[in-house]
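Start at 1 with the first residue, then count along the sequence. Owing to the predicted nature of the structure, the values given are computational and were not obtained by experimental measurement.
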Amino acid sequence: MNIRVSPPLPERWVLTPSDLALVMSKRQASRLSFAVLLAFFRDRGRFPRTVSEVDRRLVEEIAEHLAIAVPIDFALSLSGRTAERRRAEIRSLVGFREATVADAELLRDWLRDQVAAVGAAPDQLVALLETRCRELSIEPPAAVRVDRIIRAAIHAHDESFCAGILGRLAPTTRERLEALLRPAANDSGDPSTDQSPGTAPALLLRLRSDPGKPSLASVQDELAKLELIRGIELPADLFDGVLPHELERYRRRVAAEAPYELRRHPEASRVTWLSAFVHLRGRTLTDELVDLLIETIHRIGARAERRVDRELLDELKRVTGKQNLLFDLAGAALEQPDGIVRDVVFPVVGEQTLRDLVKEAKATGPSYRTTLRTVIRNSYKGHYRRMIPEILRRLEFCSNNERHRPIIQALELLKRYADSKLQTFPAEETVPIDDIVRGLWRDAVFEKDAKGRQRVNRITYEICVLEALRDKLRCKEVWVVGANRYRNPDDDLPADFDAQRIPYYQALKLPLEADRFIADLQAEMREALRILDAGMPRNPGVKISRKRNKEAWITVTPFDPQPDPPNLTAIKAETLATWPMTSLLDMLKEADLRLNFTDVLKSATAYETLDRSVLRPRLLLCLNGLGTNAGFQRMAGLQSGATAKDLAYIRRRYITVDSLRQAVAIVTNGTLRARNPAIWGDGTTACASDSKHFGAWDQNLTTQWHMRYGGRGVMIYWHVERNSLCIHSQLKSPSSSEVASMIEGVVHHCTEMEVDRQYVDSHGQSTVAFAFCRLLGFQLMPRLKAIHVQKLSRPDVGQPDAYKNLQLILTKPIDWELIRQQYDQMIKYVTAVRLGTAETESILRRFARSNIQHPTYKAFAELGRAVKTIFLCRYLHSEDLRREINEGLNVIEQWNSANDFIFFARQGEMVTNRREDQEISMLALHLLQNCMVYINTLMLQQVLARPQWTEKLTPRDLRALTPLIWEHVNPYGRFDLDMNVRLPID
């Protein structure tokens, strides 16, 4: 048989000569279908289960390879006798056989042993099972049977694991764990008794509760919880080697089920789940206690300052023109040096003016500091001091740096004298002073005894120690045993870095040699400076000059307004006319019917009793109630058959932070795949990020007062790509780092998009951020508010006259030697961020300004100066780049506006104090808004496919076109959900 020479297929779809011979032996109409099945089996080791698994591009490539035209009505047949015959031929060709019942049992036993390595992750276990079948030359069983095998393997592993944990626990420990489930009033086993206020299991509910706002009472409450956890006495190594997400799976069982339900489970399972809950809760409590300590210490000083300021401002009248008053006073005194003050000075300056000057001096000079010290000391002595002995007794503080040894010694000193009635430390006691006692307290901490010896006042010294401890905890130079976020900073780094150094460098696409990295960066820096310097005389948008105070000043001309898109209004009007007043709930439903994102919202329990046909609409109503902030009572209705209690049950059992993030990823990826490149472009790798303030209840640690917004609340940090699709969201407190949130979102957004440019405003950038972003492989592009005071660093020493047009804004050269010395250590920290071995914010805490002496911090700062210089050169040289950044940030401003439209109920305030509930609301809003963007994308594509829009759109229209529009959307009214009615979208 003559086989035609055809274009080469991609390597993963290569057909062997014997494959081609078998394909060409088929009838002309059957060749393409047979070839597609064969190529798919060669690549996956199994046949496609649904038609959607077969990529259309694969079909087209195989057809081109076989010189066959793809029929317009081509449809791959996966069932029937013909399909079975084709499967048998392919299995025979590649040497595979069908799986038997015995094979299924062997696969289950083999998978049971793999669960410990990968966890109970069905997708990963399916991939392992298919790989194992391929090794054994077995066609994997049907999808339903595979699901049963995996569930059986997970169940078998859990039984074995739980039995092992139970056997390692002492009888007294088991009894203490069981006590967490007992009702306070009775143990009748009646479910209703567990739900009533008077008989609830107080211990478990108490441990589940979040801390309140920073105060002495909150600290004492968290200390009591921690004491309860430690009193259970779990073995320290009980969960060594267990995957973190497996522990989280066991913890979720305790969080999702009522106590009476937990008591019905076998002892081994029940005790293991409670042990995991207690183990993780102990770490979380330690972190929360440290957070409370840090915020409470800050609160002592902040409240004292506000109180003193209020008292002084009532009396204070600031005097302006003090220099001129001094000249007038000196002139009058010199003219009549022997005169009387009342006759000579008062007529010139004024008696009341002099009195105001005296008051101002007291309010701003040593008198103010003395008053502030007194208020802080009295507040601490009379109220907050009670927490110190308990904190020192229950928390163990450590430091890996000998330089910070004084703070550890100071804490040990306070612990020794915690129960003492002495007002001062004994004269023979060694009291660490350096790096502990600072400016405000230097002259107040010492006092003399009756013998004239200098002694250290205990109360004042305790305040100094607490303020120093707060600073060291925030930058992790002091860490806490048993914590998670405040743990040993060495544990944040990958333990196998030395052994896996080469793969880690390759993953970051960085050279192993520091000299090569530095040489490339120096060349890039010199080229950027050269281009900016050469272009400055012809750069009408940027001017470098000196101000009257002789400081350099960069002036950037604002953009000229862009012309309005000529057709955008008409496109929106046609969309509104085609789908008028579309229900937001219907958009959510339509997105789910197309993408099936609710499939990932699964129960924390092993089995689901609710049928998916009942569960699916309840999940959608629940998500809509959370995402609009309307609540479950508004979502309940006769048509849906769901009550508010039903929806609350769905929320507790099925909706978690992790599952919602998976649902968001499905919608995001579905939108990216649904886009028409002719309208939206070939793809986007640029993303903008910014935060938005949401009001929230304040009896928690996350909510804080925000000066700019004038109210209490939390911040949500969004990452939105150029076409208005949000790829990541984070809940944060107003005072936490936006830089850490920015990096976290780019690195761990869990979608198919790859970000290589990140637009931020001034709050989302720092010198260290420039360094981290460079090493992580993406460009940080901020819109700098203070562009006028920016400086450029020199790449070389000894060239003071280089770049003559930039001399006014050039500063000291980069210390390349420091970067060279710390290169490997910097890569270790960046690898920790990439792998997620610790929270990004915890890693970046090491590089706060309060820890400026850290050698790696200095290296990051030098590297950041170099990278920032390159960016500033490009930013100042290119108006197109400045406009690109501005347009990217305008997109996220529009996203923030849409938040107010969707999250409309209860004035947009999060009515909960639980951080998890706040995060669930955020992710539901994220999901709901992305679903609106997805459906709008389909609607706009359908409108623009109409003949009247052919070749009518201008480049300006395409540049301004966005799927984030809501003139045709209705989030209000009745929330009726009919799963059988679809939106009229092709």
Side-chain angles (χ1 to χ4, degrees), residues 398-404 475-477 479 487-526 737 739-740 742-744 746-748 756 766-780 793 795-797 812-871:
C398 304
S399 178
N400 300 335
N401 193 335
E402 193 63 31
R403 184 173 178 272
H404 301 288
C475 65
K476 297 193 74 171
E477 287 296 350
W479 51 276
R487 66 184 178 184
N488 187 342
D490 292 342
D491 295 338
D492 293 344
L493 304 178
D496 61 347
F497 183 82
D498 293 335
Q500 300 293 322
R501 184 173 179 269
I502 294 177
Y504 285 152
Y505 272 85
Q506 291 173 342
L508 293 168
K509 299 178 182 178
L510 293 172
L512 289 168
E513 304 82 12
D515 290 337
R516 180 181 161 195
F517 172 80
I518 291 173
D520 292 344
L521 189 61
Q522 286 175 328
E524 188 177 350
M525 190 175 175
R526 294 186 190 107
S737 169
V739 169
M742 177 271 296
I743 294 176
E744 172 72 18
V746 174
V747 177
H748 299 131
D756 67 359
S766 68
T767 304
V768 171
F770 273 101
F772 266 89
C773 294
R774 173 73 180 218
L775 296 176
L776 285 166
F778 65 93
Q779 300 179 61
L780 178 61
S793 299
D796 303 297
V797 179
K812 64 179 182 178
I814 301 296
D815 187 348
W816 299 108
E817 183 58 32
L818 183 59
I819 297 176
R820 183 178 290 105
Q821 293 171 1
Q822 294 291 321
Y823 181 61
D824 214 46
Q825 196 68 14
M826 287 193 292
I827 301 303
K828 186 180 291 188
Y829 279 101
V830 172
T831 299
V833 171
R834 184 182 68 82
L835 296 179
T837 55
E839 293 182 8
T840 303
E841 186 174 5
S842 296
I843 295 171
L844 291 182
R845 273 202 188 103
R846 297 280 285 169
F847 309 113
R849 291 182 180 177
S850 58
N851 199 25
I852 198 169
Q853 296 303 317
H854 195 291
T856 310
Y857 174 90
K858 292 180 179 179
F860 271 119
E862 291 298 310
L863 176 59
R865 285 177 54 219
V867 178
K868 185 176 182 180
T869 295
I870 295 171
F871 165 75

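With hydrogens and angles ignored, the 3.5 Å screen pairs no side-chain donor or acceptor of Ser793 with any backbone N or O of Ile814. Judged purely by atom type and a 3.5 angstrom limit, Trp816 uses its side chain to pair as donor or acceptor with the backbone of Pro795. The backbone N or O of Glu477 sits less than 3.5 Å from a side-chain atom of Ser399, completing a donor-acceptor pair.
Listed by chain and number, the residues in a salt bridge (Lys or Arg N to Asp or Glu O under 4.0 Å) with Asp796 are Arg526 (sequence neighbours excluded). Scanning for ring pair (Phe, Tyr, Trp, His ring centres under 6.0 Å) contacts around Phe517 gives Tyr823, with sequence neighbours left out. With sequence neighbours excluded, the residues satisfying salt bridge (Lys or Arg N to Asp or Glu O under 4.0 Å) with Glu817 are Arg820. Residues meeting the salt bridge (Lys or Arg N to Asp or Glu O under 4.0 Å) test with Asp520, sequence neighbours left out: none. Evaluation of the salt bridge (Lys or Arg N to Asp or Glu O under 4.0 Å) rule for Glu841 yields no partner, not counting sequence neighbours.
Taking 4.5 Å as the limit, every side-chain heavy atom of Leu775 sits out of range of all side-chain heavy atoms of Leu508. Contact check for Arg774 versus Leu521: side-chain heavy atoms found under the 4.5 Å cut-off. Side-chain contact between Tyr857 and Arg846: absent, with no pair of heavy atoms (C-beta onward) separated by less than 4.5 Å. Within the 4.5 Å cutoff, the side chain of Gln779 has no heavy atoms near those of the Cys773 side chain. Val747 is not listed as a side-chain neighbour of Thr840, based on a closest heavy-atom distance of 4.5 Å or more. Taking 4.5 Å as the limit, some side-chain heavy atom of Lys812 sits within range of a side-chain heavy atom of Arg865. Between Phe772 and Leu844 there is a side-chain heavy-atom pair separated by less than 4.5 Å.
Rounding to the nearest 0.5 angstrom, the gap separating the CD1 atom in Ile843 from the NZ atom in Lys828 is 12.5 Å. The CZ atom of Arg487 sits 14.5 Å away from the SG atom of Cys398 when rounded to the nearest 0.5 Å. Note that the CD1 atom of Ile502 and the CD atom of Gln500 stand 9.5 Å from one another [nearest 0.5 Å]. A distance of 6.5 Å separates CD1 in Ile743 from CG in Leu776, rounded to the nearest 0.5 Å.
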Check step by step if side chain to side chain contact (heavy atoms under 4.5 Å, CB included) holds for Leu493 and Gln825.
CA-CA 10 Å; Leu493 304 178; Gln825 196 68 14; 4.3 Å; yes
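A pairwise comparison of heavy atoms in Ile870 and Met525 identifies CG1-CA, 3.7 Å as the closest pair. Annotation for Lys476 and Pro489: closest pair O-CG, 3.6 Å, computed over non-hydrogen atoms. Closest of all the heavy-atom pairs between Ala769 and Val739 is CB-CG1, 3.4 Å.
Relative ring orientation between His854 and Phe847 is described as perpendicular, the plane-to-plane angle rising above 60° on a 0-90° scale split at 30° and 60°. Using a 30° and 60° split on the angle between ring planes, Phe497 and Tyr504 fall in the parallel class, below 30°.
Side-chain atoms of Gln822 and Thr856 include a donor-acceptor pair closer than 3.5 Å.
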Could you list the donor-acceptor pairs under 3.5 angstrom formed by side chains in residues 830-838, with sequence neighbours left out?
| from | atom 1 | to | atom 2 | distance (Å) |
| --- | --- | --- | --- | --- |
| Thr831 | OG1 | Ile827 | O | 2.8 |
| Thr837 | OG1 | Asp492 | O | 2.4 |

